[in-house]
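Within every chain, numbering begins at 1; the chains are lettered A, B, ... in the order of the sequence lines, protein sequences first and strands thereafter.
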There are 2 protein chains.
Amino acid sequence: MEKFMEILETADLFSGIDPKDLKPLLSCLSGKFVHYEKGQIILMSGETTNSFGIVLSGQVQVIQEDYYGNRSILANLDPGNLFGESLACAEIKALPVSILASADSDILLIDCRRLSSPCANACDFHSKLIRNMMNIIAKKNISLTQKIEFISKRTTREKLLAYLSAEAKRAKSSRFYIPFNRQELADYLSVDRSAMSAELCRLRDEGILKFNKNQFELL
Amino acid sequence: MEKFMEILETADLFSGIDPKDLKPLLSCLSGKFVHYEKGQIILMSGETTNSFGIVLSGQVQVIQEDYYGNRSILANLDPGNLFGESLACAEIKALPVSILASADSDILLIDCRRLSSPCANACDFHSKLIRNMMNIIAKKNISLTQKIEFISKRTTREKLLAYLSAEAKRAKSSRFYIPFNRQELADYLSVDRSAMSAELCRLRDEGILKFNKNQFELL
DNA sequence: TCCGTTCTGTTGTAATTGCAACATACTTAT
DNA sequence: ATAAGTATGTTGCAATTACAACAGAACGGA
């Protein structure tokens, strides 16, 4: 447990909480440290759970199986990352995904019902914790909404312009850097990389934008 | 205020809370009833806010302006609906959208910092309220994630099959009803209605599915 | 410097889409 | 029953895309 405190201290869920207060808080939350071997299922699709987890070591995958049994990996989670927080907080009956330890992993499991219940010992941290959790879920919500706005556009050109103009607006400048390389941007926008690359150059040739590596400028 | 209690009692945010307890809870939350004339801005893009709102009467629109100044309506909200809950809970500095009263409207504004703070008088309802709010945001999160999974597919056929197989899985049956008509489904999947209609018939002719109006069956 | 790897841009082609326009049910009000 | 309106299916065509395959640039060790 001691060796994981460092990771917990840097986790968003515990931001703003004094490291000294972390231990009593964890016991108040009934947090459970569990070790999983590579290949073990942490949460099984179809199950009900009230727990979410924090990856402390190793790696964890969010996996989905469709109606025909085709598996796909929705996310790879490294130490410090949360999983299942939306699923636990939404109190859904059957998990739509499975959580798999893709390497030997240590996990901290927390029952999310403990988050909202008032707590005698540590109430000061407790309300901070609730705010942190809401913050995490709400931020994810916003970024998902924005992504849908981009992907919903019909053509690659429109997707690019929607994304780039949002970045320009966020940077409050026509010049800005994006956090993706071309392949990552294509994946994010759900388009073909080479087609997107071609479209970017077409936009450049038409004088609509300039770019150099990750730096873009809208004209 | 009295005339709006009925709507508040049915709002998801207050589900599980005794109507009698609603009034003290609202004063504990410092909820403010505000009337807006048609055309007034409730929250302005670029502002900072810690408040979210509940529509009590009239209609409210979530509006976005892109870098070039093009306006688009992201949502129409009727009485009982929440707005800005993710934005307030995420504590973001500048709102990416504006909230407009598209008709004369009554709104209940609540400061979301009041949600997480412990409260002397009504703590029992308070923790229920927190769970409700987390529930709402987390559920939205899940449905957004799922929508992205569908939209991310490259072809209309793949989008349809992803969506329909998710519905079949949810219904635990190869026969199920969908909550959309064709136009709504096309909008949801971000594709052209007529092209989608054609693709559905192609899938039918290939023996992959059957459908009749809103009832579908995967084979 | 050389080599291998990764990233980005380019091109041709087959496949898919969006769009417009129209046809055919199915509904609903009169 | 008729008419008007709505939902759905059908078709042709131009525009766009995905995909594959390749070329050059940039990068990082050895």
What is the distance, rounded to the nearest whole Å, between atom [atom1] of [X] and atom [atom2] of [N]?
X	N	atom1	atom2	answer
Asp187(B)	dT8(D)	CG	P	12 Å
Glu184(B)	dT6(D)	CD	P	14 Å
Asn214(A)	dC7(C)	CG	P	11 Å
Met196(A)	dG9(C)	CE	C1'	11 Å
Arg182(A)	dA23(D)	CZ	P	22 Å
Asp192(A)	dT8(C)	CG	C1'	13 Å
Asn181(A)	dT6(C)	CG	P	12 Å
Gln183(A)	dT5(C)	CD	P	18 Å

query = Is the ring centre of Phe52(A) less than 6.0 Å from the ring centre of Phe83(A)?
reply =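 Aromatic pair excluded; centres sit 6.0 Å or further apart.
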
Nearest-nucleotide 5' precedence on DNA chain C, Cys201(A) against Thr156(B) =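 Of the two residues, Cys201(A) wins.
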
task = For Arg154(A) and for Leu200(A), find the nucleotide of DNA chain C with the closest heavy atom, then tell me which residue's nucleotide is more 5'.
result =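 Its nucleotide being nearer the 5' end, the pick is Leu200(A).
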
task = Please work out if Ser194(B) contacts a base, only the sugar-phosphate, or nothing of the nucleic acid, heavy-atom cut-off 4.0 Å.
result =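 Contact class for Ser194(B): base.
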
query = Hey, does Phe211(A) reach any base, or is it just sugar-phosphate, or nothing, if we go heavy atoms under 4.0 Å?
reply =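 Counting heavy atoms under 4.0 Å across all strands, the contact made by Phe211(A) is with sugar-phosphate only.
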
Could you check which of [options] has an atom nearest any side-chain atom of [X]?
X	options	value
Ser197(B)	dA18(D), dC26(C), dT10(D)	dT10(D)
Lys213(B)	dT17(C), dC27(D), dT27(C)	dT27(C)
Ala198(B)	dA18(D), dG18(C), dT11(D)	dT11(D)

inquiry  = For Thr156(A) and Glu199(A), which I'm curious about, is there any donor-acceptor pair between the side chains at under 3.5 Å?
reply    =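 No - no donor-acceptor pair under 3.5 Å links their side chains.
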
Any side-chain donor near an acceptor of the partner, Asn135(A) and Glu91(B), under 3.5 Å =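 Yes, side-chain donor-acceptor contact under 3.5 Å.
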
inquiry  = For a quick check, tell me whether the side chain of Arg193(B) and the base of dG18(C) share a donor-acceptor pair closer than 3.5 Å.
reply    =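 Looking at the base of dG18(C), it does not pair with any donor or acceptor on the side chain of Arg193(B) (distance under 3.5 Å).
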
key: Check: Thr155(A) side chain, dA15(D) base, donor-acceptor under 3.5 Å   =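 Per atom types, no contact qualifies.
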
request  = Give the ring-plane orientation class for Phe150(B) versus Tyr163(B), where under 30° counts as parallel, over 60° as perpendicular and anything between as tilted.
outcome  =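 Ring orientation, 0 to 90° scale: perpendicular.
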
ask   = Taking 4.0 angstrom as the limit, do Glu206(A) and Arg157(A) come out as a salt bridge?
value =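 A salt bridge links Glu206(A) with Arg157(A).
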
